[in-house]
Amino acid sequence: MNKDNKKFVAESIFIKEAIKDNLSLNEFLLLLYFDNSYNQVFDMSMISKLMNLSEDKVLEAYSNLLKKKLIRVSAVKNDSGKIVEHVSLENYYKNIVACNKSQEKESKKEDIYSVFEKKFGRTLSQMDYEIINAWIEKGFSEDLVEAALDEAVQNGAFTLRYIDKVLYEWNRKGYKSVTDVQNKVIPEAEPMFFEPSLMNFNWLDEK
């Protein structure tokens, strides 16, 4: 092994984003170089030597990363007063964060179904899944839906229709979060029931 060779470290999430962005091997290696580099300066001859690539290949990968807007370059003065190209991976890191948040959100959606099954003590039907998903798509947060589920369970009402009406009533009162519910809703001794006349749209019937 060449004594000048350098080992680079890549987190798994870094690799997953590279796969998602369909990067070539050279593009990925160059991105990894900048991620591991202390000063993140584009020095083509040094990079070419470290990566054992021709300068043309390095320049091609560099240009492609710029075109894909995965890196940003700014001209700065180094300690010697020389103007150099400083590379920022901020865009790439933002993509990683956005992807991670999306995965967390999807995982949370899956988790809420398990919460329903656990508290209802039964397997959800396809219609159940569609109704729960419809609440989320309508703008109710998973936390608020779960709070409505708890309200129903506490009142012995194990139906999605009841939860649907609770969510509607909270929405009518302007409650957008669990904190709103906790601060404004006074616990009632008797279960809450809403007359159909209070509804201004049709509700899905449970089967």
Side-chain angles (χ1 to χ4, degrees), residues 11-23 31 67-72 88-207:
E11 299 289 342
S12 60
I13 193 170
F14 190 95
I15 298 173
K16 288 179 181 178
E17 182 63 25
I19 294 173
K20 184 175 73 69
D21 291 330
N22 197 29
L23 298 183
L31 202 63
K67 289 177 183 177
K68 294 177 180 180
K69 298 182 179 179
L70 297 179
I71 61 173
R72 291 190 294 105
S88 169
L89 272 66
E90 183 181 356
N91 290 347
Y92 191 73
Y93 296 146
K94 283 182 178 179
N95 287 350
I96 290 176
V97 171
C99 181
N100 193 46
K101 285 183 177 179
S102 176
Q103 290 175 349
E104 287 179 354
K105 184 176 180 181
E106 185 63 29
S107 176
K108 194 169 185 180
K109 281 187 179 180
E110 293 174 356
D111 288 343
I112 198 169
Y113 303 132
S114 299
V115 172
F116 267 82
E117 290 186 332
K118 181 179 179 180
K119 294 190 177 183
F120 274 8
R122 63 174 176 81
T123 302
L124 297 178
S125 67
Q126 183 60 38
M127 178 62 75
D128 293 335
Y129 278 97
E130 291 176 4
I131 294 174
I132 295 169
N133 195 51
W135 291 330
I136 296 170
E137 291 180 351
K138 187 178 274 292
F140 293 110
S141 69
E142 288 90 343
D143 289 340
L144 198 61
V145 171
E146 189 171 340
L149 167 63
D150 290 338
E151 180 79 17
V153 171
Q154 289 171 10
N155 290 323
F158 295 84
T159 68
L160 294 189
R161 171 178 284 277
Y162 185 92
I163 297 170
D164 203 24
K165 292 178 180 179
V166 171
L167 287 172
Y168 168 78
E169 184 66 9
W170 285 351
N171 184 64
R172 186 183 66 80
K173 292 179 179 179
Y175 303 163
K176 302 298 182 184
S177 68
V178 175
T179 301
D180 290 340
V181 174
Q182 292 172 340
N183 290 340
K184 298 178 182 179
V185 173
I186 301 175
E188 301 180 16
E190 297 297 329
M192 292 189 302
F193 292 98
F194 304 100
E195 296 294 334
S197 58
L198 290 175
M199 309 300 128
N200 60 3
F201 54 94
N202 291 329
W203 299 95
L204 293 171
D205 289 325
E206 284 194 326
K207 299 190 175 181

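The first residue in the sequence is number 1, and the count goes up from there. Treat the numbers as computed from the prediction; the structure is a model and nothing was measured.
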Taking all non-hydrogen atoms of both residues into account, name the closest pair between Val166 and Ala148 and its distance.
CG1-CB, 4.0 Å
Taking every heavy atom of Lys69 against every heavy atom of Asn91, the minimum-distance pair comes out as O-ND2, 3.1 Å
Do Ser114 and Asp111 get their side chains close enough for a donor-acceptor pair, meaning under 3.5 Å?
no
With distance as the sole criterion, is a donor-acceptor pair present between the side chains of Tyr162 and Asn155 under 3.5 Å?
yes
Just by distance, do the side chain of Asn133 and the backbone of Tyr129 share a donor-acceptor pair under 3.5 Å?
no
Let me confirm one number: the [atom1]-[atom2] distance from [X] to [Y], rounded to the nearest 0.5 Å.
| X | Y | atom1 | atom2 | result |
| --- | --- | --- | --- | --- |
| Asn171 | Trp135 | CG | CH2 | 13.5 Å |
| Glu151 | Leu144 | CD | CG | 11.0 Å |
| Leu70 | Tyr93 | CG | OH | 12.0 Å |
| Ile96 | Leu89 | CD1 | CG | 8.5 Å |
| Leu160 | Met127 | CG | CE | 10.0 Å |
| Glu146 | Ile112 | CD | CD1 | 6.0 Å |

Checking Val115 against Glu142 for the side chain to side chain contact (heavy atoms under 4.5 Å, CB included) test, could you report, in this order, the C-alpha distance in whole Å, the side-chain angles of both residues, the deciding distance, and whether it holds?
CA-CA 11 Å; Val115 172; Glu142 288 90 343; over 6 Å; no
Are Glu90 and Lys94 close enough for a salt bridge, meaning some N to O gap below 4.0 Å?
yes
Please step through side chain to side chain contact (heavy atoms under 4.5 Å, CB included) for the pair Ile163 and Ile131, ending with a clear verdict.
CA-CA 10 Å; Ile163 297 170; Ile131 294 174; over 6 Å; no
Could you check whether the rings of Tyr175 and Trp170 sit parallel, tilted or perpendicular, using 30° and 60° as the cut-offs?
tilted
pair Glu17-Leu31: side-chain heavy atoms closer than 4.5 Å:
no
Tell me, with the steps shown, if Phe120 and Asp128 meet side chain to side chain contact (heavy atoms under 4.5 Å, CB included).
CA-CA 11 Å; Phe120 274 8; Asp128 293 335; 6.0 Å; no
Run the side chain to side chain contact (heavy atoms under 4.5 Å, CB included) check on Asp150 and Lys119 step by step: do they pass?
CA-CA 8 Å; Asp150 290 338; Lys119 294 190 177 183; 2.2 Å; yes
